[in-house]
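The next block holds one structure in the form of structure tokens; read it before the comments.
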Amino acid sequence: MRDAVGSFVGWPSDLIFPDAETPTRPTHKAGKGISRRIESVASQKEVPGRKLKKAGNDIPTTSGTKSQIMMRLEKMVEESDIMHGAIRSVDFDEGVFGIAHSEIIAKEDMQQLFEHEELGIAVIHTYIWYMYVTLMRGTELCNRFNFIAASRINTTFITKNPTSVKNELVDRFMAADDNTTPSLYFLPFNSGNGGHWVLVAMDLSRLMVYYLDSLSGDWSKYPSMKKTVDAAILKFRSKKNYRNRKDITWVRVQCPQQNNSVDCGFFVLRFMRDIIALNRIDIPKMYFKEYKSYSRAHLDEMKDELCQFIVDQRII
């Protein structure tokens with residue numbers, strides 16, 4: 001380095017990684033057992049109606065292979081203290097789940113992305129945060145789509161205390177500014193203990209509940225979930241003094257189906273992504289003609305989007 005001072009030094013282009021610009025630097029806080037704590041650094045100003053950027057347009061990728069952005073993030077993880085058991089605690093925007101929310105991200109969560117493994121709650125929630133920041137925040141879409149934290153509503157909690165879960169749902173419904181016009185509440189629902197993921201999308205104004213499952217079957221697999229969701233919707237409408245003009249209608253959407261045992265979480269995320277990107281409150285029973293099926297490239301595109309988001313937010 002001493003000999004190089006004052007001279008021109010060539011540098012391989014593949015080792016240059018320009019970071020995406022962010023308006024502020026993340027705040028790092030020391031904490032017991034946590035190496036770094038960050039705050040959201042994405043801009044509070046978004047262009048209304050901005051379309052979701054397709055990662056595939058900028059990042060060369062081939063189905064089944066790792067993209068440049070994924071390999072870059074994987075290298076960052078390998079060189080970080082996460083590989084030695086450290087974790088990251090990430091604070092989400094309050095608008096994501098209607099309340100303050102922090103997510104713990106560890107090596108295992110990153111591995112799910114890199115190796116295309118079954119997804120846990122941390123990855124599900126982080127991609128939801130990505131969709132909120134990238135597509136929704138600062139636009140009218142925030143009044144049309146809402147998210148419910150999967151960590152609060154699942155089979156395990158319903159079995160232990162269904163009344164508490166029902167009240168959690170009611171509180172989430174009450175947190176929204178307006179429930180008199182059609183909107184959707186997305187609930188990524190897990191069958192419990194790392195089991196199967198399905199998507200439940202609720203339209204409170206029209207008493208409609210859409211059920212999207214990438215495996216054959218319907219809500220009868222989870223009768224306690226359906227009972228709890230129905231009870232929460234009715235209790236919410238009662239608190240708001242809304243008249244119940246009809247019974248709650250559940251619709252099983254004929255959505256794309258997975259062909260392996262690990263893709264259910266990816267499919268649930270893709271369902272939400274496409275519904276928001278199309279800005280559709282009503283979900284066709286035969287699903288959207290634009291997305292009759294999902295290829296591995298559709299799922300890889302989401303992984304690239306999330307990898308880029310993690311890099312941009314400086315989570316690692």
Side-chain angles (χ1 to χ4, degrees), residues 51-52 54 56 63-64 116 118-119 121 123-124 127-128 131 135-136 141 144-148 150 153-155 158 169 181-192 194-230 232-233 245-303 305:
K51 298 226 176 170
L52 191 64
K54 289 183 177 292
S63 179
H116 198 86
E118 294 181 61
L119 297 184
I121 285 177
V123 177
I124 295 287
Y127 191 82
I128 287 174
M131 287 190 292
L135 185 61
M136 295 172 55
L141 293 177
R144 292 174 63 81
F145 303 103
N146 305 274
F147 301 105
I148 298 170
I153 316 293
N154 55 49
T155 295
I158 291 175
L169 278 172
T181 57
S183 62
L184 286 180
Y185 284 83
F186 291 123
L187 169 61
F189 182 79
N190 193 272
S191 61
H196 182 55
W197 288 101
V198 301
L199 179 64
V200 179
M202 295 162 272
D203 181 345
L204 306 184
S205 67
R206 296 187 294 182
L207 291 175
M208 297 280 292
V209 179
Y210 299 98
Y211 179 90
L212 293 87
D213 188 344
S214 56
L215 294 177
S216 59
D218 59 23
W219 53 84
S220 61
K221 290 182 177 180
Y222 314 108
S224 60
M225 178 272 289
K226 182 181 184 299
K227 181 178 179 180
T228 301
V229 167
D230 285 346
I233 293 174
R245 301 177 302 278
K246 59 180 181 178
D247 294 333
I248 299 171
T249 300
W250 283 65
V251 178
R252 184 184 186 278
V253 178
Q254 304 297 316
C255 53
Q257 300 289 285
Q258 66 189 85
N259 58 10
N260 57 35
S261 61
V262 302
D263 277 350
C264 57
F266 292 102
F267 272 60
V268 162
L269 293 177
R270 186 79 201 197
F271 294 150
M272 291 188 284
R273 180 193 190 277
D274 292 341
I275 294 167
I276 296 171
L278 292 171
N279 196 6
R280 292 284 299 273
I281 298 300
D282 56 316
I283 305 175
K285 187 173 182 179
M286 300 307 293
Y287 203 56
F288 305 107
K289 62 181 180 180
E290 296 92 335
Y291 299 106
K292 280 295 184 182
S293 63
Y294 291 152
S295 66
R296 176 62 183 270
H298 284 103
L299 309 187
D300 288 344
E301 181 180 27
M302 293 191 308
K303 291 190 292 184
E305 291 168 345

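All heavy atoms count here, side chains included; hydrogens, waters and symmetry mates do not. Position 1 is the first residue of the sequence, and the numbers go up from there.
If you look at F271 and Y287, their ring centroids are closer than 6.0 Å.
Interatomic distance, M202 CE to L169 CG, rounded to the nearest 0.5 Å: 6.0 Å. How far CG of L269 is from CD1 of I124: 4.0 Å, rounded to the nearest 0.5 Å. Distance CE/M136 to CD1/I276: 5.5 Å, rounded to 0.5 Å. With rounding to the nearest 0.5 Å, the separation of CG in N146 from CG in L184 is 8.5 Å. The CZ atom of F189 sits 9.0 Å away from atom CD1 of I153, with the distance rounded to the nearest 0.5 Å. A distance of 10.0 Å separates CD of E305 from CG of L135, quoted to the nearest 0.5 Å.
Of all non-hydrogen atoms in P284 and V253, the two that sit nearest each other are O-CG1, 3.4 Å. Closest of all the heavy-atom pairs between F145 and R280 is CE2-O, 3.7 Å. Heavy atoms only, all atoms of each residue included: Y210 and I281 are closest at CE1-O, 3.8 Å. Here the closest heavy-atom approach between residue C255 and residue S214 is recorded as SG-N, 4.4 Å. Across W219 and W250, no two heavy atoms sit closer than the pair CH2-O, 3.5 Å. The shortest non-hydrogen separation linking P188 to W197 is O-CZ3, 3.5 Å.
Within the 4.5 Å cutoff, side-chain heavy atoms of Y291 are placed close to those of R270. Residues I275 and M272 are not in side-chain contact: their nearest non-hydrogen atoms beyond the backbone lie 4.5 Å or more apart. Residues V268 and L119 have side chains not in contact (no heavy-atom distance under 4.5 Å, counting atoms from C-beta outward). The shortest side-chain heavy-atom distance between V200 and Y222 does not fall under the 4.5 Å cut-off. Proximity of D213 to D218: side-chain heavy atoms (C-beta onward) are nowhere separated by under 4.5 Å.
Salt-bridge check for K227 with D230: failed, with every basic side-chain N at 4.0 Å or more from each acidic carboxylate O.
With D263 as the partner, the side chain to side chain donor-acceptor pair (under 3.5 Å) test is satisfied by one option alone out of R296, Q258, H116: H116.
Here Q254 pairs with R252, M286 under the side chain to side chain contact (heavy atoms under 4.5 Å, CB included) rule; sequence neighbours left out.
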Practice problem: Could you walk me through whether E301 and R273 pass salt bridge (charged side-chain N to carboxylate O under 4.0 Å, His left out), step by step? | Solution: CA-CA 11 Å; E301 181 180 27; R273 180 193 190 277; 3.6 Å; yes
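With hydrogens and angles left out, the side-chain atoms of D274 and Y294 include a donor and acceptor closer than 3.5 Å.
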